[in-house]
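A short worksheet on the structure shown next.
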Amino acid sequence: MDIKNKILYDKLNERQRQAVFCTEGPLLILAGAGSGKTNVLIHRIAYLIQEKNIEPYNIMAVTFTNKAADEMKERLKGLVGHEAQQIWAATFHSSCVRILRRYIDRLGFNTNFSIYDADDQKTLMKRIFKEMPANTADLKERNVLRAISAYKDELISPSDALKYACGFAEKNNALLYEKYQSELRKNNALDFDDLINKCVELFEKNEDVLEFYQKRLKYIMVDEYQDTNTSQFRLIELLASSHKNLCVVGDDDQSIYRFRGANIENILSFEKIFKDTKVVRLEQNYRSTAAILDVANNVISNNVKRKEKKLWTDKKGGAKVKLKEFENGDQEASGILKEIASKAKKSSLNDFALLYRTNAQSRLFEEKCVNYGIPYRLVGGVNFYQRKEIKDILAYLKVISNSKDDIAVLRVINTPKRGIGETSLGKISSFASEFNINFYEACLNSWQIPSIGKTAYKIKSFTDFIEKARKELAKIDISDISDNIVYKNGDMDNFYNEAYKDTDIPDLLQSGDDKRVSDIINYILDEGGYRDYLMLEGDTQAQSRLENIKELISKAQMYKASLLDIFLEETSLIADVDTTDKSAQMLTLMTLHGAKGLEFEYVYMCGMEEELLPCTMSIASGDEADIEEERRLCYVGMTRAKKQLVLSYAKKRLINGGFDYKEVSRFIREIPPQLLDTDIKNELLHQGINRKKSVYIAGYNTNPYKQFNKSLPFGKEFIVKKSEKPDYKAGDMVRHIKFGEGEVLSITEGKKDYEIEVNFKKSGIKKMMAGFAKLEKM
DNA sequence: TCAAAGCGCGTTTTT
DNA sequence: CGCGCTTTGA
C-alpha cells in the first residue's frame, strides 16, 4: 500500500487498521470498551485527508456530547494540524442548529428561533395546562412532556399520534402534543428534540437543501452510534443516502440512553439497512487490567440482548477488584474518601473518579470532601446554564433577540420586581390571545389592554428597556446573522464557514468600538436593575450569583452584539461550562452516565445496592430490558478503570429523610466471588444479603436523626437495636410524638423490631417500627 | 402584590 | 431531608 505517513498507522492493531483503511461504503465498527475507538476515528479522518486527499471540509464527525466533540477536534488538530478546523465535528444537536439557522425559514420559522431547555418546556406546558384544564386534570407536565418526547424520538407527528392513539390517555397526550407544538411555533421556539426533527423535516421537504449538505458531507462518521434514536438515525440516513460513505462506531454493551429513545436496533440491524456493510470488531482492550475486565465481562454476560463479543487484554493479572461494605451511606463516604486521600499521596488526585448512579448521591461526598479538604470537581449536577441568575440573564437576551419568545418574556418581565403581578400578566395574556399576537406585542400595546390601569406604565418601562437594548446595543438584523463568523477562544469556529471557505476572515475581536454581548449584559445589570435586585435579595448566594454572571460576561465578551443569536445558541447547547482545568489536582465526582467515554486509573463505584443500581424505577417496571440497561450502566462504570476498581455499598441509607435497609446489588452477586477482594463472607454475596427490605419508618417524612438524636453530631452512626417488646398491645390507645392519639391495630414481630399498625385519630392508619415510633401507652 | 409559612412529593440517567 | 409549589396573611 502506498502510504505517505506510514508510521502513523503502525501503532494500530490489525483490526484497527482495517477500520481506518476502509473508507468507502457503509462501515460498522463494533468497538468494545477501551478498544481505542476514538483513536481509530481520528486516524481514519487523518487517513482520508492525508492519503485519500479528501478535503477536510467534506468530512463530518457527529458525536453525542460536546465533550466528545471537543476532544475529537483537539486530537485532530494534533494529527492533521490547522486543517482540522474545516472538519465538521459537532454534536447532533449543534449540527442541526447550524443547519436550521440557515434554512428553517423554509419551514415557516424565523432563523432567530429560541431553543427551549427542559425548564422552558415545563413552563410552557404549565401554561398549556392552565389553558386546557379539562384535558390536564391530575396530569403532570413532566409525564406529558416525556410522552411527547417519546413521540418525537420516533419521528411521530402530532397528527399521526392522534391518528394512532388508542384509549383516552393516549388521545389526550396526542392532543396536548399538538397544542404544545403550535405553542412552540407561536413562540418561534424549538425544543431539543425538535432540533433533530425539524432538520429531518427540512431535508425531506427541501431536496435542494438536502443535496447541498449531501454534496458537502461526503464522509460521515457517527460516534457512540448505539445511543442514536430513530430520528437521529433518519437524519444520518438522509445525509448519507447519496454517497453512502457512512461509518458508525458503537458498542451495544454501552447503550445507556434507551430511556431517551436510543434505539438499540439501530446498531443491531445496521447491516440490514445498509447493504454491503463491512463490519470490523475491535475487541482488544487497552485500558483495563485482566482482573477488571474479567469482572466486567462476567456482569455484562448476563444480558440476553447483545451481540456476542469477547473483550480481551494482554495486561495479565492486576489488582483484584475490591468490594467494600459499609454500615451506612455516611460511613461509605468517609471510608472511600479516606482511602482515596491516602492513595492519592502517591499518585495524583486526577487519577481518581468516584461514580454513582444518581446526582443526588453526590451531596454526601461533596460534604465530606469539604470536611477532609479534598479538592473535587463535580461533573454534571446543576448545570451552569441552568442556574437562576444565568437563566434570567439569558432570558433577557432571548427577549432582545426574539421577542416572540413568550416564555423568556414572562421570566423577566417582573424580575426584578416591576410591580407587574399575576393578575396583570393574565390580562396581558388574554389580550394577546384575543388579538392573536405574542405576549410581547401585547406589552407594546399595553395602554389598550382593558382595566390594566397604571400597570401600563410599568409595562412600558419594561418594553422601553428592551427596545433600547435592541436599538442601541444589539442592532438586531436577521439578514445579518448567517453572514458572520464567530471567533471563539481565539479559534475560528466552523459555524457557517462553508460559505466563507475561500474568503479572508476578519478578526472580529480587533474591530474596535463594536458593541459586544457583554455590553448588553452589563446594561441589564445596571440599567435593568438586576444587580440591585440580586443584592437586595440579600441571601448569602448573591455574591456567588454575581460571580456566575461575571463568568458569563467574560464569555460574552467574545461575541459582537449583533451575533447575540449565536451566543445564545452556544450557551443553550452546552451542558457544562468548560472551565474544568485538568491541571488542578482534583477528585472527579460524577454519575455513571457522565463517565461514558472517560477513563481513570482508579475508579470507585459507590452505592452498589438494589434500588440504586439497578434503580428503583427499573426494578419496578418489571421489564427485563430496563434491568439490562442498568447492567450496561454498571458495565460502563467498571470498564472506566485502568488500574483498580473498587465497589462499595452501604447496608442502610437515608433516603428522602426516610431510612432504608439496602440489599447488595444483583450485579455484584453476578461476579464470581473468587474475582473479588473482600472481607465480606462470600456466601452472603451469593445468596444476596438477606435483610429486611425498605423499612418504611413510622410514617415520618422526617429524619430519625432529627427526631431522636438531635444531639448527635452529623455523621455519627445511628444504631438500631433490637427493641424491647412494647408495653402496649392491640386495642390499646397510644400517643405518638407527632401524630397524637391513636389505637393500636396490630403488632407483628420483625427481625429487628416490632412493626406496629396504629389508627391515629388525626392522621389515620400508619405502620411504624416500635423502636422508632416511641409510642406511649395511655 | 408579595413574602413567609406549610405541604407534598420525590429520584434515574442528558442534548 | 430539600425543593418547589400552594396557601395564607398582611
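Each chain gets a letter, A, B and so on, in the order its sequence line appears, and its residues count up from 1.
For B:dT15, the OP1/OP2 oxygens have no side-chain nitrogen or oxygen of A:Asn66 closer than 4.0 Å. When the side-chain nitrogen and oxygen atoms of A:Lys122 are compared with OP1 and OP2 of C:dG4, none of them lie within a distance under 4.0 Å. Between A:Arg142 and B:dT11 there is a side-chain polar atom (N or O) within less than 4.0 angstrom of OP1 or OP2. Within the structure, a side-chain polar atom (N or O) of A:Thr591 is placed less than 4.0 Å from OP1 or OP2 of B:dT14.
Listed here is the closest heavy atom pair of A:Asp193 and A:Asp153: OD1-OD1, 3.9 Å.
At whole-Å resolution of the value, CG in A:Asn229 and P in B:dT15 are 14 Å apart. When rounded to the nearest whole Å, the span between CG of A:Leu100 and P of B:dT15 equals 19 Å. With rounding to whole Å, A:Arg258 atom CZ is found 17 Å from B:dT13 atom P. To the nearest angstrom, P of B:dT15 lies 15 Å from CG of A:Asp153. Between the CG atom of A:Asp227 and the P atom of B:dT14 there is a distance of 12 Å, given to the nearest Å. Rounded to whole angstrom, the span from the NZ atom of A:Lys652 across to the C1' atom of C:dC1 amounts to 18 Å. Computed from coordinates, the A:Ile413 CD1 to B:dT1 P distance equals 12 Å when rounded to whole Å. Here B:dC2 presents its C1' atom at 14 Å from CD1 of A:Ile420, a figure rounded to the nearest Å.
As judged by a 4.0 angstrom heavy-atom cut-off over every strand, A:Arg418 is placed among residues making no nucleic acid contact. Backbone-only engagement by A:Arg363 is indicated by non-hydrogen atom pairs under 4.0 Å involving sugar-phosphate atoms exclusively. Within 4.0 Å (heavy atoms only), A:Lys140 reaches sugar-phosphate atoms of the nucleic acid but no base atom. Using a 4.0 Å heavy-atom distance criterion, A:Ser424 is classed as a sugar-phosphate-only contact. Nucleic acid contact class of A:Asn414 (heavy atoms, under 4.0 Å, all strands): sugar-phosphate only. When heavy atoms are screened at a 4.0 angstrom cut-off, A:Lys458 is found touching no nucleic acid atom at all.
With distances taken from any side-chain atom of A:Lys417 to the nucleotides B:dT14, C:dC5, B:dA3, the minimum falls on B:dA3. Taking every side-chain heavy atom of A:Met617 into account, B:dT11 is the closest of B:dT13, B:dT15, B:dT11. Comparing B:dT14, C:dC5, B:dT11 by their closest approach to the side chain of A:His593 singles out B:dT14. Here the nucleotide nearest the side chain of A:Arg260, chosen from B:dT15, C:dC5, C:dG2, is B:dT15. The side chain of A:Thr358 lies closest to B:dT11 when the candidates are B:dT15, B:dT11, C:dC5.
For the pair A:Ser334 (side chain) and A:Asp330 (backbone), a donor-acceptor distance under 3.5 Å is present.
The aromatic ring of A:Tyr257 is not stacked on the base of B:dT13, since the criterion of ring centres less than 5.5 Å apart with planes inclined by under 30° is not met.
Sequence order on DNA chain B of the closest nucleotides to A:Phe192 and A:Arg146 puts A:Arg146 first from the 5' end.
Going from the P atom of B:dT13 to that of C:dG4 covers 15 Å, rounded to whole Å.
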Practice prompt. Report the C-alpha distance between A:Glu609 and A:Lys651 in whole Å, list the side-chain angles of each, state the deciding distance to 0.1 Å, and finish with yes or no for salt bridge (Lys or Arg N to Asp or Glu O under 4.0 Å).
Written response: CA-CA 8 Å; A:Glu609 295 140 34; A:Lys651 291 199 279 189; over 6 Å; no
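Side-chain contact between A:Leu184 and A:Asp194: present, with at least one pair of heavy atoms (C-beta onward) separated by less than 4.5 Å.
With values rounded to the nearest 0.5 angstrom, A:Lys152 atom NZ is found 3.5 Å from A:Gln181 atom CD.
Residue A:Arg653 forms a side chain to side chain donor-acceptor pair (under 3.5 Å) with just one option from A:Glu327, A:Gln361, A:Glu332, A:Glu611, and that option is A:Glu332.
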